[in-house]
Asker: 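Got a structure for you, written out below as structure tokens; questions coming shortly.
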Number of protein chains: 2
Amino acid sequence: MILKGCNRFQMIGLEAVAKLAQVSSATASRALSRPDKVALETRTRVLQAAEELGYQPNHLASGLRKGKSRTIGVIISDILNPGQAMLAKGIQDAAAKSDYTVFLFNSDEESDKERRALESLRGHMPQGLIVVPTPGAKTNLKLVPNLPTIELDRASGLKNAHTVMVDNIGGTTTAINHLIGLGHKRIAMIVGDFAISTAVERHQGYREALEHAGIPYREDLVLAGHHREDGGRTAAHKLLSKPLKQRPTALFVGNNEMTIGAVLATRALGLSIPEDISIVGFDDSRWAMTLHPALSVVSQPAYDLGYLACETLLGLLERHKPPNASSVRLATNFISRESTAPPRKT
Amino acid sequence: MILKGCNRFQMIGLEAVAKLAQVSSATASRALSRPDKVALETRTRVLQAAEELGYQPNHLASGLRKGKSRTIGVIISDILNPGQAMLAKGIQDAAAKSDYTVFLFNSDEESDKERRALESLRGHMPQGLIVVPTPGAKTNLKLVPNLPTIELDRASGLKNAHTVMVDNIGGTTTAINHLIGLGHKRIAMIVGDFAISTAVERHQGYREALEHAGIPYREDLVLAGHHREDGGRTAAHKLLSKPLKQRPTALFVGNNEMTIGAVLATRALGLSIPEDISIVGFDDSRWAMTLHPALSVVSQPAYDLGYLACETLLGLLERHKPPNASSVRLATNFISRESTAPPRKT
DNA sequence: AACGCCAATGTAATCGTTTGCAGTAATTAA
DNA sequence: TTAATTACTGCAAACGATTACATTGGCGTT
């Protein structure tokens with residue numbers, strides 16, 4: 001009681017507002033959040049007092065009392081990846097619209113970092129979670145067993161999960177069909193890590209499109225790039241070093257980073273795009289557009305994806321929906337630029 | 001008291017741990033955070049109980065009580081800008097190392113969004129703030145008068161501010177000197193918004209370098225690009241449409257986004273880089289590297305900048321440093337690639 | 001033996017906000 | 001006139017963790 005007047009953040013609390021408005025703190029609280037429960041005259045008095053003192057509610061306290069922190073946790077794989085950054089932006093905007101605040105973390109595709117992020121998060125009592133799951137998510141998510149969670153961009157494989165993803169299979173088949181339509185027969189693919197659902201689905205799309213066109217699936221044309229630029233580079237190098245007759249005439253790359261590597265490897269080998277090799281990447285970006293020749297890509301509605309994921313989560317929080325699994329797929333968009341052309345006549 | 005056993009988050013509180021360990025909650029608390037104040041035997045008992053119940057401390061509660069939330073607010077200008085994303089990453093990593101959690105916001109260079117971010121932030125009782133200030137920051141920051149704040153990348157102009165920035169003047173003069181060294185005389189610049197300190201400093205660096213080389217400063221060679229791609233495009237278009245004798249032979253662009261616009265405008269006009277025009281950008285990025293020809297740039301140590309800003313802030317929080325202003329400048333690094341060459345012989 | 005001291009623990013107040021309950025006054029119904 | 005209803009308001013108990021203060025018992029000193 002001794003230090004009552006000297007709070008640490010020189011906080012102006014409800015108590016102070018109440019005193020100035022000559023009401024109890026209970027009434028002051030109601031005046032601010034339950035206008036109908038308080039006489040108009042009293043209410044204006046409280047509002048004025050709050051204004052005068054520059055009162056700002058303390059979310060820690062109200063969060064503690066109400067059991068709602070008005071925060072959500074977000075774990076993306078890598079803020080430096082433009083697609084992921086776009087996801088984050090969509091989430092942020094949706095959250096801000098409903099007055100939620102976001103704790104943002106990067107997993108850098110490492111399950112360990114994901115786990116640490118979840119541990120940090122836990123103590124802050126977020127009301128929900130949006131996560132781009134790493135391969136370890138199935139285990140890690142047990143750390144927050146009762147937290148409403150949306151899996152974004154990929155699925156962890158957990159039953160009863162809510163997911164918001166793109167139509168990877170459809171996006172890929174469109175791209176491959178485009179290449180087939182141009183006359184390509186030897187179409188290679190650089191795939192990501194099969195522990196990540198997008199890689200599996202994109203691979204499946206590739207396979208299905210070939211099959212559908214009656215082109216046999218050849219294992220030697222599918223190399224793993226491990227989601228990284230370096231992996232893309234070495235995979236592309238290997239594919240493009242084949243003797244001309246076996247060398248693919250088109251290359252489909254399963255993600256952003258690997259595509260850069262593939263393009264650089266192509267340049268390094270002195271091959272020209274699209275004359276020697278057509279290339280299609282997954283996920284659009286600034287560099288894909290400004291590249292010369294500009295890259296044809298399967299583009300994802302990343303902003304919408306993030307926005308939608310957040311809206312879905314908040315919907316889950318507001319109306320106490322049953323915890324049934326839900327699954328949303330957004331369509332991709334194939335953008336044909338300059339990196340694809342018919343194969344050279346042989 | 002009625003619902004004591006049925007907490008909302010099915011929270012396991014200290015109370016529960018204490019009961020299981022047969023001590024008071026006070027002792028349980030001490031066992032966890034003040035090991036030396038508790039008998040070893042008791043401590044292990046508490047730790048074991050905590051482990052068994054999967055106890056997780058509630059930061060809302062401890063934050064409320066201690067007046068320390070272990071969170072910091074971060075407002076960057078745009079998460080989609082790779083440089084800014086890198087700042088965020090540096091901050092995050094530094095924060096995580098000291099067990100702080102980050103509230104991340106985007107201002108999108110709009111003072112209004114910055115203000116709203118600060119308002120959101122306020123209620124969550126962050127212990128500090130790192131902000132890439134918009135032009136309105138000088139006003140906006142009054143919303144959080146006693147919050148330890150680091151200004152990152154730019155200065156708001158507030159007295160007594162702590163700033164962490166790069167040496168914009170030095171970085172620019174190096175770049176301009178490089179162009180001068182190649183033999184350029186008509187060197188144009190596309191500047192940003194002078195309400196932002198980096199634009200002012202980079203412009204000053206440009207001016208100083210010319211002066212030092214005895215080249216007169218010409219107002220018609222300096223155009224505003226307003227920090228956006230579009231602005232860069234129109235400014236470059238105007239500059240490069242001049243009659244050959246007056247057309248600049250080199251172009252220095254004050255930031256990332258504007259540089260893209262400038263490059264696209266150059267391409268659109270059918271001019272080739274670096275034969276017709278040498279271009280240097282400020283701030284490196286993936287597209288600057290992969291561009292053909294690869295762009296020469298003044299690169300900033302963005303990760304370090306963010307990391308350092310966070311460390312500085314946390315330092316301020318830990319040891320109760322006096323609130324003197326401080327100012328850190330990191331050096332830039334000029335990267336010479338393929339977009340600069342001697343001017344054409346006339 | 002009497003005293004002081006220290007270590008270990010418990011009691012209870014506190015952080016700021018919310019809310020069930022109870023109380024008061026004013027209004028309406030009977 | 002009395003009872004019942006309504007509309008406001010205040011009291012006080014939460015939320016979970018921390019910590020000043022009080023209490024206990026054990027030890028050493030004189």
Side-chain angles (χ1 to χ4, degrees), chain A residues 1-46 50 53-70 122-125 127, chain B residues 1-19 21-46 49-50 53-70 122-125 127:
Chain A
M1 201 52 129
I2 298 165
L3 295 175
K4 190 53 170 287
C6 142
N7 291 311
R8 291 158 302 204
F9 287 133
Q10 67 277 357
M11 274 247 67
I12 291 101
L14 260 187
E15 199 83 32
V17 175
K19 193 171 295 172
L20 180 58
Q22 306 182 54
V23 292
S24 73
S25 60
T27 304
S29 171
R30 280 186 286 248
L32 295 169
S33 45
R34 298 280 178 81
D36 53 315
K37 288 286 175 198
V38 123
L40 180 65
E41 195 263 343
T42 317
R43 195 165 103 80
T44 54
R45 202 145 33 90
V46 171
L53 296 175
Y55 168 75
Q56 195 62 22
N58 183 329
H59 286 37
L60 295 188
S62 71
L64 178 59
R65 175 62 230 252
K66 296 201 289 188
K68 322 198 150 217
S69 56
R70 290 202 87 74
R122 214 162 37 159
H124 292 287
M125 307 288 134
Q127 292 183 246
Chain B
M1 204 50 130
I2 297 164
L3 295 175
K4 191 54 171 284
C6 143
N7 291 311
R8 290 160 303 206
F9 287 132
Q10 64 280 0
M11 273 247 65
I12 291 101
L14 258 188
E15 200 83 31
V17 175
K19 192 172 296 174
Q22 306 182 55
V23 292
S24 72
S25 61
T27 304
S29 171
R30 280 185 288 246
L32 294 170
S33 44
R34 296 278 180 81
D36 52 315
K37 289 286 173 199
V38 122
L40 180 65
E41 195 265 341
T42 316
R43 193 165 106 81
T44 53
R45 201 145 32 91
V46 171
L53 295 175
Y55 167 75
Q56 194 62 22
N58 183 328
H59 286 37
L60 295 188
S62 71
L64 178 60
R65 175 64 227 256
K66 296 200 291 189
K68 326 205 144 200
S69 56
R70 291 203 87 76
R122 220 167 25 164
H124 291 287
M125 306 288 134
Q127 292 184 245

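Numbered from 1 within each chain, the chains take letters A, B, ... in sequence-line order. Quick note: numbers below take in every heavy atom, side chains included, and nothing from hydrogens, waters or symmetry partners.
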Asker: Rounding to an integer number of Å, can you tell me how far A/Q22 CD sits from D/dT9 C1'?
Answerer: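 After rounding, the gap between these two atoms is 14 Å.
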Asker: How long is the line joining CE of B/M125 and P of C/dC15, in whole Å?
Answerer: 14 Å
Asker: Counting N and O atoms only, with roles assigned by atom type, does the side chain of A/S69 sit under 3.5 Å from a partner on the main chain of A/M125, one being a donor and the other an acceptor?
Answerer: yes
Asker: In terms of side-chain heavy atoms of B/V38, which of D/dT9, C/dT9, D/dG16 is nearest?
Answerer: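 When the side chain of B/V38 is considered, C/dT9 is the closest of D/dT9, C/dT9, D/dG16.
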Asker: For the residue pair B/L64 and A/L60, what are the closest heavy atoms and their distance?
Answerer: N-CD1, 3.9 Å
Asker: Starting from C1' on C/dT9, measure out to CZ on B/R43 and report it in whole angstrom.
Answerer: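 Atom CZ in B/R43 sits about 16 Å away from atom C1' in C/dT9.
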Asker: Measure the spacing between CD of A/Q127 and NZ of A/K66 and express it to the nearest 0.5 Å.
Answerer: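 Reported value, rounded in 0.5 Å steps: 9.0 Å.
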Asker: Which one, D/dG10, C/dA8, D/dG16, comes nearest to the side chain of B/M11?
Answerer: D/dG16
Asker: Quick one: B/R70 CZ to D/dG16 P, roughly how many Å, whole number?
Answerer: 22 Å
Asker: Look at the side-chain N and O atoms of B/S25 and state whether any lies under 4.0 Å from the OP1 or OP2 oxygen of D/dA17.
Answerer: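 False: B/S25 side-chain N/O out of range (4.0 Å or more) of D/dA17 OP1/OP2.
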Asker: Map A/P57 and B/L40 onto DNA chain C by nearest heavy atom, then report which one ends up closer to the 5' terminus.
Answerer: B/L40
Asker: If you only use heavy atoms from C-beta on, which nucleotide in D/dA17, D/dC8, C/dT17 is closest to the side chain of A/E15?
Answerer: C/dT17
Asker: Check this one for me: any side-chain N or O of B/S24 less than 4.0 Å away from OP1 or OP2 of C/dG10?
Answerer: yes
Asker: Looking only at the side chain of B/K66 (C-beta and beyond, no hydrogens), which of the listed nucleotides D/dT19, D/dC15, D/dG16 gets closest?
Answerer: D/dT19
Asker: Taking OP1 and OP2 of C/dT19, is either one under 4.0 Å from a side-chain nitrogen or oxygen of A/R34?
Answerer: yes
Asker: Are the side chains of B/L32 and B/V17 in touch, meaning some heavy atoms are under 4.5 Å apart?
Answerer: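 B/L32 vs B/V17: side chains apart.
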Asker: Look at the side chain of B/T44 and the backbone N and O of B/E41, then say whether any donor-acceptor pair between them is shorter than 3.5 Å.
Answerer: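 Side chain of B/T44 to backbone of B/E41, a donor-acceptor pair under 3.5 Å: yes, one is there.
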Asker: Please state how far atom CZ in A/R45 lies from atom P in D/dC8, giving the value in whole angstrom units.
Answerer: 13 Å
Asker: In whole Å, I'd like the distance from the CG atom of A/N58 to the C1' atom of C/dT14.
Answerer: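 Distance check: A/N58 CG to C/dT14 C1' gives 14 Å.
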Asker: Do any N or O atoms from the side chain of B/Q56 and from the backbone of A/G123 form a donor-acceptor pair under 3.5 angstrom?
Answerer: no
Asker: A/A26 has a side chain; which of D/dG10, D/dA14, D/dC8 sits nearest to it?
Answerer: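 It is D/dG10.
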Asker: Between B/S62 and B/R30, which is nearer to the 5' end of DNA chain D once each is assigned its nearest nucleotide?
Answerer: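 It is B/S62, whose closest nucleotide lies nearer the 5' terminus.
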Asker: Quick one: label B/A39 by what it contacts on the DNA or RNA (base, sugar-phosphate, nothing), any heavy atom closer than 4.0 Å.
Answerer: sugar-phosphate
Asker: Please determine whether a side-chain nitrogen or oxygen atom of A/S29 lies at a distance below 4.0 Å from atom OP1 or OP2 of C/dT18.
Answerer: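 Affirmative; the distance criterion is met.
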Asker: Should B/T27 be listed as having a side-chain N or O under 4.0 Å from OP1 or OP2 of C/dG10?
Answerer: yes
Asker: Whole angstrom is fine here: how far is it from NZ in B/K68 over to P in D/dG16?
Answerer: 24 Å
Asker: Can you measure B/I12 atom CD1 to D/dC15 atom P for me and round it to whole angstrom units?
Answerer: 15 Å
Asker: Closest to the B/V23 side chain: C/dG10, D/dC8, C/dT17?
Answerer: C/dG10
